[in-house]
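Order of the sequence lines fixes the chain letters, A, B, ..., with proteins taken first and strands second; residue numbering starts at 1 for each chain. All values derive from a computational prediction rather than experimental measurement.
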Amino acid sequence: MVFEVKGSSKKIQVFTTRVDTIYGVTFLSLAPESDLAAELITDEHRQTAEAYIQQAKNRSERERMSDVKTISGAFTGSYAINPFNGEEIPVWVADYVLAGYGTGAVMAVPAHDERDYNFAKHFGLEIRQVIEGSMENGSFPGKTGTVINSGMISGLSVKEAMAKCIAFLEERKIGRGKIQYRMRDAIFTRQRYWGEPLPVYFKDGLPYLIEEKDLPLVLPEVDKYLPTEDGDAPLGRAKNWNYQTAEGEFPLERSTMPGWAGSSWYFFRYTDPKNEECLADKAKTDYWGAVDLYIGGSEHATGHLLYSRFWAKFLYDIGAVSIEEPFQKMINQGMIQGRSNFVYRIKGTNTFVSYGLREQHDTSAMHVDVNFVHNDQLNLDKFKFWRPDLATAEFILEEGKYYCGAEVEKMSKSKYNVVNPDDIIERYGADTLRLYEMFLGPLEQFKPWNTNGIDGVYKFLRKVWNLYHPANGGFAVSDAPASKEELKALHKAIKKMEEDMANYSFNTSVSSFMICVNELTTLGCNKREVLEPLAILISPYAPHIAEELWSLLGHSTSITRAAFPEFREEYLVESNFEYPVMINGKLRAKLDLPLTLTVTDIEKAALADTQVQKWLEGKSPKKVIIVPGKIVNLVV
RNA sequence: GCCGGGAUGGUGGAAUAGGUAGACACGCAAGACUUAAAAUCUUGUGGCCAUAUCGGCCGUGCGGGUUCGAUUCCCGCUCCUGGUACCA
């Protein structure tokens with residue numbers, strides 16, 4: 001929307017998502033970079049305002065963004081006119097306004113925007129509430145509630161007010177409604193060696209594409225995969241990174257493509273990897289279709305997924321493939337998080353304060369390598385040895401110890417909280433690690449890494465091994481037919497695993513294996529009829545041990561080639577069911593009854609039970625609910 | 001602010017076409033084996049009350065609702081957490 005400037009032909013264009021708060025506008029702020037800001041400065045304020053702009057321009061955008069706390073600005077001396085009520089409002093320059101976003105001008109509503117609020121507080125500007133709610137905690141930016149103190153839109157909801165304001169502006173041609181997409185340009189080159197080279201050469205400083213017959217352009221040999229000594233991209237190290245044309249030899253582009261250049265369409269290429277003519281034969285991409293399941297972290301939503309969907313849609317539009325959406329189903333697997341440790345440096349010094357005392361000083365937190373920390377206590381010697389600047393570090397201790405702060409966050413080299421699984425593999429083996437990760441919890445759940453329960457899965461794998469090695473650790477499997485109980489234990493596990501696989505519920509599968517192996521151990525089962533399918537069941541979870549057992553069972557091909565065992569319902573059929581009997585919603589008795597009983601017979605049996613009679617106290621139930629095979633519920 | 005995810009024992013978690021809450025595992029306790037320890041095995045383990053027996057009451061973040069019956073469905077909150085952002 002457009003604000004007129006008092007006593008001037010100039011106009012200020014403002015972008016806002018909260019036009020409903022228009023009656024709460026008490027000033028406008030402009031980005032220091034904007035030309036308009038310079039033009040609106042009046043003589044009276046010239047000195048201070050121009051000095052401020054100069055100072056703000058000297059700070060980089062990064063600096064301005066990282067230093068959110070410092071509030072600064074200057075009054076231009078000009079006033080703008082609110083088109084809704086004709087009110088005159090001061091125009092300020094402020095570095096919290098970014099030139100690159102929107103129009104570089106903000107209509108400030110201190111009551112309903114935190115930054116505007118802080119700014120108004122700092123400079124003593126008016127704060128006018130126009131949405132119903134409590135101002136106790138400063139501004140409140142919520143987008144719900146009723147508009148107040150706002151002339152023609154008072155009493156409307158936020159949503160209604162927005163619509164009415166937009167209509168008002170559009171009618172007078174001083175503004176319009178707009179959908180603002182947050183889009184950024186993306187750079188398609190990298191100054192790295194490992195990436196597809198761009199098929200571009202330069203003649204007279206202008207880029208040209210190399211001829212199709214010269215494709216593919218292959219990475220040149222270089223002595224090191226590092227930038228050149230004078231800071232050029234690694235391909236600058238190649239001896240002859242030039243392109244030969246009829247007119248002579250010209251230098252090739254030295255940047256390479258980013259990772260997603262190739263990773264955005266590999267799933268199409270996989271269907272026809274040797275095709276020399278095109279991306280992939282359309283008949284083949286049609287046959288294979290879209291990717292059934294994409295498992296990746298949620299961060300891929302803005303990375304790989306965005307690009308590969310863009311690629312697919314582009315390829316669809318030019319007719320190269322018939323698939324518009326590349327992935328049928330997506331699961332965001334949860335991240336295994338790390339537990340970070342922090343030390344607290346007193347600002348401007350090389351002194352570090354222990355966690356409990358940090359509030360007494362002006363400190364900034366710093367990640368510290370978790371390998372220097374045990375039970376949140378810092379090993380001072382290791383810490384000092386970490387980096388040259390820390391060699392002279394001093395410490396303020398608590399009871400002679402330095403305690404670190406801790407936080408659960410993403411594992412990352414830059415946070416120094418990475419735990420290496422090699423130690424676990426060394427101690428327990430890769431199968432245990434893999435099985436433990438499966439057992440930890442649902443696939444999609446985030447959680448901090450913690451090895452507290454790993455002994456449980458380790459013991460489980462040993463029990464599995466012992467089933468096949470019953471006496472004195474020697475391998476022995478019987479070819480005798482399995483008993484009913486043994487088959488039942490096995491088929492319960494088969495059934496559960498089939499269901500769990502379909503739901504990606506791996507942790508519950510592991511627990512059903514544990515139940516099965518515990519039962520088979522109790523039964524002393526070492527029958528091939530049971531142990532062969534069991535090895536197959538476990539193989540996706542503990543592939544090494546399963547492969548080993550498979551080979552001991554006498555197979556010469558890999559267990560990965562074995563067919564999944566067929567589930568047979570008949571082994572699980574029960575003749576009886578232990579009915580829970582609820583009286584007024586509480587469990588009062590249990591009755592073991594044949595499943596063949598009719599509802600009437602179940603009722604009779606339940607009413608005849610002594611426990612039930614005790615609770616009925618001679619009365620007959622008002623209502624009887626019986627779900628065969630599930631429950632009996634009596635209402636008294 | 002916006003967009004996600006979540007809250008169940010001491011711990012990780014299980015159970016949702018509404019039907020016995022706490023499977024499986026860790027930890028803890030007691031016992032067996034051992035000169036001892038480790039390892040292994042057995043038993044117990046939600047809380048409170050109880051003549052510690054028979055048993056009873058409470059209990060899935062909080063407050064309501066629907067239902068014979070709610071961890072599960074509905075309404076209203078609180079808190080935690082991931083991503084993102086001086087984005088107006």
Side-chain angles (χ1 to χ4, degrees), chain A residues 14-19 21 25 28-29 31 61 64-71 94-98 100-109 112-116 118-119 139-143 180-184 297-302 332 334-335 337 407-410 435-436 439-442 444-448 450-460 462-463 466 496 500 505 507-518 521 577-591 611 614 621-636:
Chain A
V14 161
F15 171 73
T16 182
T17 55
R18 291 302 302 275
V19 70
T21 61
V25 176
L28 293 191
S29 29
E61 186 151 310
R64 277 163 60 183
M65 280 167 68
S66 61
D67 181 19
V68 181
K69 297 249 160 64
T70 316
I71 294 162
D95 75 353
Y96 79 86
V97 181
L98 303 177
Y101 185 78
T103 58
V106 173
M107 58 171 242
V109 185
H112 305 292
D113 181 277
E114 200 186 334
R115 288 152 305 151
D116 295 345
N118 292 337
F119 193 85
S139 65
F140 62 96
K143 284 190 179 177
Q180 178 79 1
Y181 293 100
R182 287 197 198 171
M183 297 230 265
R184 289 178 300 192
S298 54
E299 71 277 8
H300 290 167
T302 50
N332 286 140
M335 211 184 305
Q337 297 165 301
E407 224 172 275
V408 169
E409 53 186 358
K410 182 168 157 174
L435 197 64
Y436 182 59
F439 187 59
L440 262 179
E444 297 182 72
Q445 197 162 305
F446 281 70
K447 57 173 53 188
N450 154 1
T451 53
N452 280 347
I454 201 163
D455 280 331
V457 291
Y458 183 58
K459 276 190 229 168
F460 163 73
R462 297 226 307 233
K463 280 187 200 166
N466 289 341
K496 189 79 173 87
D500 288 345
S505 176
N507 56 325
T508 51
S509 268
V510 176
S511 85
S512 73
F513 296 153
M514 287 174 169
I515 294 169
C516 174
V517 168
N518 285 344
T521 304
F577 178 76
E578 191 178 50
Y579 279 91
V581 182
M582 322 266 293
I583 294 169
N584 289 337
K586 296 198 175 182
L587 180 68
R588 296 301 184 189
K590 288 189 179 184
L591 283 178
Q611 271 295 319
K614 180 183 138 196
K622 250 192 267 173
K623 197 168 175 185
V624 179
I625 296 118
I626 289 169
V627 185
K630 280 249 161 108
I631 202 160
V632 176
N633 196 357
L634 309 175
V635 186
V636 185

Take atom CE of A/M514 and atom P of B/rA14, then tell me their distance rounded to the nearest Å. 14 Å
Is there a Watson-Crick or G-U wobble partner for B/rA39 with both distances under 3.5 Å, and which nucleotide is it? none
Under a 4.5 Å cut-off applied to non-hydrogen side-chain atoms, are A/M514 and A/F439 in contact? yes
5' precedence on RNA chain B between A/K463 and A/S511 (nearest-nucleotide basis): A/S511
Are A/I631 and A/M582 packed together at the side-chain level, in the sense that at least one heavy-atom pair is separated by less than 4.5 angstrom? yes
Tell me if the aromatic rings of A/Y458 and A/F460 count as close, with their centers under 6.0 Å from one another. no
Would you check if A/N518 and A/K463 make a side-chain contact, meaning some heavy-atom pair closer than 4.5 Å? yes
Can you tell me the base-pairing partner of B/rG22? Count Watson-Crick or G-U wobble geometry only, both distances below 3.5 Å, and say none if there is no partner. none
Pick the C1' atom in B/rU35 and in B/rC49, then give their distance to the nearest Å. 46 Å
OG1 on A/T21 to NE2 on A/H112, rounded to 0.5 Å: 7.0 Å
Comparing A/K623 and A/D455 on RNA chain B - which has the more 5′ nearest nucleotide: A/D455
Classify A/F439 by what it touches in the nucleic acid, base, sugar-phosphate, or nothing, heavy-atom distance under 4.0 Å. base
chi for B/rG13 classified (syn = within 90 degrees of 0, anti otherwise) as anti
Rounding to an integer number of Å, can you tell me how far A/L435 CG sits from B/rG12 C1'? 14 Å
Please give the nucleotide sitting opposite B/rU66 as a Watson-Crick or G-U wobble pair, both distances under 3.5 Å, or none. none
What contact category does A/A105 fall into here, base, sugar-phosphate, or nothing, at under 4.0 angstrom with non-hydrogen atoms? base
What's the CZ-P distance between A/F460 and B/rC41, to the nearest Å? 14 Å
Pairwise C1' distance for B/rA15 and B/rA23, with rounding to whole Å: 8 Å
Phosphate oxygens OP1/OP2 of B/rG13: is one of them under 4.0 Å from a side-chain N or O of A/Q445? yes
Take atom CZ of A/F513 and atom C1' of B/rG13, then tell me their distance rounded to the nearest Å. 17 Å
Given atom CG of A/D113 and atom P of B/rC87, what is their separation to the nearest angstrom? 8 Å
Across all strands shown, which nucleotide pairs with B/rC86 by Watson-Crick or G-U wobble geometry, both distances under 3.5 Å? none
OP1, OP2 of B/rU40 versus side-chain N and O of A/N466: anything below 4.0 Å? no
A/K622 NZ to B/rC68 P: how many Å, rounded? 10 Å
What's the gap between B/rU20 and B/rA32 when it is taken at their C1' atoms, as a whole Å value? 34 Å
Nearest to side-chain heavy atoms of A/Y96, which nucleotide of B/rC24, B/rC86, B/rA88: B/rC86
Considering only the C1' atoms, how many Å lie between B/rG83 and B/rG76, rounded to the nearest integer? 27 Å
Could you check whether any side-chain heavy atom of A/V581 comes within less than 4.5 Å of a side-chain heavy atom of A/R588, counting everything from C-beta outward? no
Which nucleotide, if any, forms a Watson-Crick or G-U wobble pair with B/rG44, using both distances under 3.5 Å? B/rC28
For B/rC26 and B/rU42, measure between their P atoms and round to the nearest Å. 12 Å
Could you tell me the Watson-Crick or G-U partner of B/rC33, where both distances fall under 3.5 Å? Say none if there is no partner. none
Could you tell me which nucleotide pairs with B/rG9 by Watson-Crick or G-U wobble geometry, both distances under 3.5 Å, or answer none if nothing does? none
Would you indicate what A/E444 reaches in the nucleic acid, counting non-hydrogen atoms under 4.0 angstrom: base, sugar-phosphate, or nothing? nothing
Give me the distance, rounded to whole Å, that separates B/rA38 from B/rA52 when you measure between the P atoms they each carry. 35 Å
Using Watson-Crick geometry (N1-N3 plus N6-O4 or O6-N4) or G-U wobble (N1-O2, O6-N3), each under 3.5 Å, B/rA17 is paired with none
Can you build the contact string for nucleotides 15-20 of chain B? Use B for base contact, S for sugar-phosphate-only contact, and - for no protein heavy atom under 4.0 Å. ----BB
If we take the C1' atom in both B/rU67 and B/rA17, what is their distance in whole Å? 16 Å
Quick one: does A/T508's side chain get under 4.5 Å of A/K496's, heavy atoms only? yes
Taking the same atom, C1', in B/rC24 and in B/rA36, what whole-Å distance lies between them? 34 Å
Kindly say if A/N507 contacts the phosphate of B/rG12, meaning a side-chain N or O under 4.0 Å from OP1 or OP2. no
Give A/N518 one of three labels, base, sugar-phosphate or nothing, depending on what nucleic acid heavy atoms sit under 4.0 Å from its own. sugar-phosphate
Taking side chain as C-beta onward, heavy atoms only, is A/Y96 less than 4.5 Å from A/D116? yes
Rounded to the Å, how far apart are A/F15 CZ and B/rC86 P? 15 Å
Mind calculating the distance between CZ (A/R588) and P (B/rG69) to the nearest angstrom? 14 Å
Sequence neighbours excluded, the answer for side-chain hydrogen bond (donor to acceptor under 3.5 Å, both in side chains) partners of A/N633 is none
Using a cut-off of less than 4.0 Å, is there contact between a side-chain N or O of A/R115 and OP1 or OP2 of B/rA85? no
Less than 4.5 Å apart, any side-chain heavy atom of A/T521 and any of A/V517? yes
